[in-house]
Peer 1: 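The following block contains the structure, expressed as structure tokens.
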Amino acid sequence: MPAYAGGASTVKEFLKWETASQDNYFHVSILMAAYIAAQVDKDMGNCITRWYQNDPKNMAQRNDEIREMMSKAPDFHPSATLLAIIQKQCGRFADR
């Protein structure tokens, strides 16, 4: 996987990474988002976790869905796009 700091600055670049690297990025980023969300709103943290990894057999399908959604916003940063996808599924992060 490309180093994060020197990695993709747009979804277009990110989608050139190997699929396994993209999946790892999704997994780590989403679990971190769930952990952070749970510090402020436990229900939101649980929503993110359930949405992404409730059934490990569905994670590959979820990753494919994320790639499809990301491909519709090729000029944005992958993290910003992933955040928008998470918020679409579980609501906006609390303002604090």
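Keep in mind the model is a prediction, meaning the values are calculated, not measured.
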Peer 1: Is a side-chain N or O of R62 found less than 3.5 angstrom from the main chain of Q53, in a donor-acceptor match?
Peer 2: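 It does not hold such a pair.
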Peer 1: Please find the pair of heavy atoms, one from H77 and one from S79, that lie closest to each other, and give the distance.
Peer 2: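 Scanning both residues completely, I find the closest heavy atoms to be ND1-N, 3.0 Å.
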Peer 1: Of the non-hydrogen atoms in Q87 and R92, which two are nearest, and what is the gap between them?
Peer 2: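 Shortest heavy-atom separation between Q87 and R92 comes out as OE1-CA, 3.5 Å.
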Peer 1: Examine distances only and state if a side-chain atom of E68 and a backbone atom of D64 form a donor-acceptor pair shorter than 3.5 Å.
Peer 2: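 Not confirmed, E68 side chain does not pair with D64 backbone.
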Peer 1: Please tell me if the side chains of I85 and K88 come closer than 4.5 Å, counting only heavy atoms from C-beta onward.
Peer 2: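 No, their side chains stay 4.5 Å or more apart.
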Peer 1: Go through it in stages, so that I can follow the logic: the residues are Y35 and I48, the test is side chain to side chain contact (heavy atoms under 4.5 Å, CB included), and I'd like the CA-CA distance, side-chain angles, deciding distance and then a yes or no.
Peer 2: CA-CA 9 Å; Y35 179 78; I48 295 168; over 6 Å; no
Peer 1: Specify whether Y25 and W17 have parallel, tilted or perpendicular ring planes, treating 30° as the upper limit for parallel and 60° as the lower limit for perpendicular.
Peer 2: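 Perpendicular: the ring planes of Y25 and W17 meet at over 60°.
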Peer 1: Do the non-hydrogen side-chain atoms of V11 and D75 ever get within less than 4.5 Å of each other?
Peer 2: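 No, side chains not in contact.
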Peer 1: Tell me if the centroids of the rings in F14 and F26 come within less than 6.0 Å of each other.
Peer 2: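 Yes, the ring centres sit under 6.0 Å apart.
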Peer 1: Do D41 and F93 come within less than 4.5 Å of each other through their side chains, counting heavy atoms only?
Peer 2: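 Not in contact.
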Peer 1: Check whether any side-chain N or O of N58 sits under 3.5 Å from a backbone N or O of Q61 as a donor-acceptor pair, and report yes or no.
Peer 2: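 Here the side-chain-to-backbone pair does not exist.
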Peer 1: How about Q22 and I66: do any of their side-chain heavy atoms sit closer than 4.5 Å?
Peer 2: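 Contact flag for Q22/I66 side chains = no.
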Peer 1: Which heavy atom of N63 sits nearest to which heavy atom of Y52, and what is that distance?
Peer 2: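 Minimum heavy-atom contact is OD1-OH, 2.7 Å.
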Peer 1: Establish whether M69 and F76 are linked, either directly or via other cluster members, by ILVMFWY side-chain heavy-atom contacts under 4.5 Å.
Peer 2: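 No, because M69 and F76 fall into different hydrophobic clusters, even though each may have its own neighbours under 4.5 Å.
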Peer 1: Taking all non-hydrogen atoms of both residues, which atom of M44 and which atom of A37 are closest, and how far apart?
Peer 2: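 For M44 versus A37, the nearest heavy atoms are CG-CB, 4.1 Å.
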Peer 1: So do the side chains of I86 and I30 get within less than 4.5 Å of each other, counting heavy atoms only?
Peer 2: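 Yes - at least one pair of side-chain heavy atoms lies under 4.5 Å apart.
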Peer 1: Just so I know, are the side chains of H27 and M59 near enough to count as touching, which here means a heavy-atom distance under 4.5 Å?
Peer 2: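 Yes, side chains in contact.
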Peer 1: Is there side-chain contact between S71 and L15, with at least one heavy-atom pair below 4.5 Å?
Peer 2: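 They are in contact (side-chain heavy atoms under 4.5 Å apart), so the answer is yes.
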Peer 1: With heavy-atom distances below 4.5 Å as the criterion, would you say the side chains of M70 and P78 are in contact?
Peer 2: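 Yes; the side chains approach each other to less than 4.5 Å.
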Peer 1: Under the salt bridge (Lys or Arg N to Asp or Glu O under 4.0 Å) test, which residues partner D43, sequence neighbours left out?
Peer 2: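 Salt bridge (Lys or Arg N to Asp or Glu O under 4.0 Å) check on D43 returns nothing, list empty.
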